Every structure is written in C-alpha cells, then in structure tokens.
Amino acid sequence: DEELKKLGRIHTFEEFLDTYKLAREAGFHNINIDLMSAIPGQTVESYEHTLRTVAEIKPEHISAYSLIIEEGTPFYERYGQGQHQEELPGEEDERRMYQMTKEILAQYGYERYEISNYAKGGRECRHNKGYWQRIDYLGLGLGASSLLDHMRFSNTADMKEYIAVSYTHLTLPTIRL
C-alpha cells in the first residue's frame with residue numbers, strides 16, 4: 001500500500017484484489033497486471049515480494065515497467081535533476097530488479113516477449129505485438145493514436161477542439177418520406 005501511495009495511486013492492494021476477483025467472476029479470462037520497479041522506497045526484496053504475489057494471482061499477462069522520470073510530471077518535480085535520489089533504488093538494484101523480473105516470472109510460467117511484457121503461452125497482447133510489428137490500428141476518441149498505411153497520427157487531446165471537429169464532420173442520414 002505504501003508503494004501504491006508513493007506512485008499516487010488512489011487504491012489499496014486489497015481494493016485491487018477485489019477488482020481482480022470481480023473481473024474473473026464477470027467472465028474475463030485474459031487479464032493483465034501492470035507492475036513498476038525502481039520506485040521511491042522500493043528495495044530488491046520488496047520488489048521480489050510484489051513479483052511473487054502478483055504471479056501467484058495467476059493473471060495471463062504481466063507488464064513490468066521500470067520507473068522513468070520524465071519532465072513535466074510530478075515525479076520530475078520531486079526527483080528530476082538529481083533531487084532526492086536517496087529515495088530511489090540505486091542503478092545496481094534497478095538492474096537486479098529487471099533481471100529478477102524475467103527469472104521469477106519464468107518460474108511461474110511466464111515468457112518475456114517484449115522488453116517489459118510477459119505472458120502465459122498464447123496470451124501475448126496483440127496490440128503490443130502489433131505495435132512493434134507496425135500493424136495498422138485505429139484509435140478512436142480524445143487523444144487516441146492510430147497507425148494506418150505506415151503513417152502515425154493522433155486525435156487532439158483538447159476536448160473543445162475534438163468536439164468541434166467531430167460535429168463538423170458528422171454526417172446525418174437522409175430520411176425520405
């Protein structure tokens with residue numbers, strides 16, 4: 001719960017588990033769980049505990065990302081430009097967490113098929129694979145991205161502009177009486 005709080009998440013581990021169980025009960029048979037390593041206050045041991053706990057839940061897919069501190073984010077304001085580095089795991093621990101992810105998830109039957117993605121046999125994410133293989137996809141909605149005919153583009157993230165453009169291109173059916 002402490003790690004979730006440090007990441008700015010508004011849920012607890014218990015609430016996550018309840019939601020996971022509800023998704024299973026609702027009939028979802030292919031669930032992904034996202035994990036993060038190298039976060040403030042995390043140790044190699046606490047990350048190993050997280051990995052094993054999640055693997056024992058038996059999702060079909062696990063995405064395991066290392067924290068990247070990017071400009072313009074609350075994490076950059078706190079940790080960017082060398083600030084508060086003592087709260088973050090060191091480079092050696094971060095490397096160990098990365099290696100540990102592959103080793104531990106393999107023990108539970110997960111195979112790595114991308115740098116940060118692991119899946120049980122046949123449960124790889126089609127979108128992830130398609131993204132790297134440059135397969136066309138269409139994103140719908142505010143800020144959505146697409147790739148069509150080897151050309152990437154995205155919708156505006158500005159709600160007013162999106163609505164204005166949507167209504168401009170809206171075609172209403174002709175009704176004949």
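As the structure is a prediction and not an experimental result, all values here were calculated from the model.
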ask   = Is a side-chain N or O of Tyr98 found less than 3.5 angstrom from the main chain of Asp93, in a donor-acceptor match?
value = no
Side-chain polar contacts of residues 65-75 - donor-acceptor pairs under 3.5 angstrom, sequence neighbours left out - could you list them?
residue, atom, partner, partner atom, Å
Ser66, OG, Glu94, OE2, 2.7
Thr73, OG1, Glu70, O, 2.6
Thr73, OG1, Tyr76, N, 3.1

Non-neighbouring partners of Glu14 that pass side chain to side chain donor-acceptor pair (under 3.5 Å), sequence neighbours left out = none
ask   = Is there a side-chain contact between Gln42 and Met97 (heavy atoms, below 4.5 Å)?
value = yes
ask   = Roughly how far, to the nearest 0.5 Å, is OG of Ser154 from CG of Leu147?
value = 12.0 Å
task = Report the C-alpha distance between Tyr47 and Thr101 in whole Å, list the side-chain angles of each, state the deciding distance to 0.1 Å, and finish with yes or no for side-chain contact (heavy atoms from CB on, under 4.5 Å).
result = CA-CA 9 Å; Tyr47 182 64; Thr101 302; 2.7 Å; yes
Beyond-backbone contact of Ile33 with Tyr20, side-chain heavy atoms, under 4.5 angstrom = yes
message = I'd like to check the side chain to side chain donor-acceptor pair (under 3.5 Å) partners of Tyr137; sequence neighbours left out, ordered by chain and number.
response = Arg152
ask   = When Ile, Leu, Val, Met, Phe, Trp and Tyr are grouped by side-chain heavy atoms lying under 4.5 Å apart, directly or through other members, which residues fall in the same group as Leu140?
value = Leu138, Leu148, Phe153
query = Is Asp149 reaching over with its side chain to a backbone N or O of Met151, donor-acceptor style, under 3.5 angstrom?
reply = no
query = Do any N or O atoms from the side chain of Thr53 and from the backbone of His49 form a donor-acceptor pair under 3.5 angstrom?
reply = yes
query = Hey, does His61 have a side-chain heavy atom less than 4.5 Å from the side chain of Ser63?
reply = yes
remark   = To the nearest 0.5 Å, atom CD of Glu111 lies from atom CZ of Arg123 at 14.0 Å
key: Atom CD1 of Ile115: over 12 foreign heavy atoms under 6.0 Å   = no
inquiry  = For the backbone of His84 and the side chain of Glu87, can you confirm whether one donor and one acceptor N or O come within less than 3.5 Å of each other?
reply    = no
message = Does the structure place the NZ or CZ of Lys102 under 6.0 Å from the centre of the six-membered ring of Tyr118, at an angle of no more than 45° from the ring's axis?
response = no
query = Where is the tightest heavy-atom contact between Ile62 and Tyr110, given as atom of each residue plus distance?
reply = CD1-CZ, 3.8 Å
request  = Treat each ILVMFWY residue as a node, draw an edge where side-chain heavy atoms are under 4.5 Å apart, and state whether Ile57 and Ile104 are in one component.
outcome  = yes
ask   = For residues Gln99 and Glu103, is any side-chain donor paired with an opposing acceptor at under 3.5 Å?
value = yes
query = What residues form a salt bridge (charged side-chain N to carboxylate O under 4.0 Å, His left out) with Glu91, not counting sequence neighbours?
reply = Arg95
inquiry  = Check this for me: does any side-chain nitrogen of one of Glu3 and Arg9 sit under 4.0 Å from a carboxylate oxygen of the other?
reply    = no
task = May I have the step-by-step check of side-chain contact (heavy atoms from CB on, under 4.5 Å) for Met100 and Val44, ending in yes or no?
result = CA-CA 9 Å; Met100 174 188 294; Val44 171; 3.1 Å; yes
query = With distance as the sole test, does Asn117 use its side chain to make a donor-acceptor pair with the main-chain N or O of Arg112 at under 3.5 Å?
reply = no
key: Min side-chain heavy-atom separation Tyr113-Cys125 under 4.5 Å   = yes
ask   = Which residue pairs pass the salt bridge (Lys or Arg N to Asp or Glu O under 4.0 Å) test with at least one member in residues 23-35, sequence neighbours excluded?
value = Arg24-Glu60
task = Starting at NE2 of His11, measure out to CZ of Phe13 and round the result to the nearest 0.5 Å.
result = 9.5 Å
query = Within the distance-only criterion (no hydrogens, no angle test), does the side chain of Lys120 pair as donor or acceptor with the backbone N or O of Tyr108 below 3.5 angstrom?
reply = yes
ask   = Can you check whether Asp158 reaches Tyr162 side chain to side chain, under 4.5 Å on heavy atoms?
value = no
ask   = Between Gly139 and Ser146, what is the shortest heavy-atom contact and its length?
value = N-OG, 2.8 Å
query = Under the 3.5 angstrom rule, does the side chain of Asn155 hit a backbone N or O of Gly141 as a donor-acceptor pair?
reply = yes
inquiry  = Between Arg96 and Glu48, does any NZ, NE, NH1 or NH2 come within less than 4.0 Å of an OD or OE carboxylate oxygen?
reply    = no
request  = Taking the side chain as every heavy atom from C-beta outward, state whether Arg52 and Gln107 have any pair of such atoms under 4.5 Å apart.
outcome  = yes
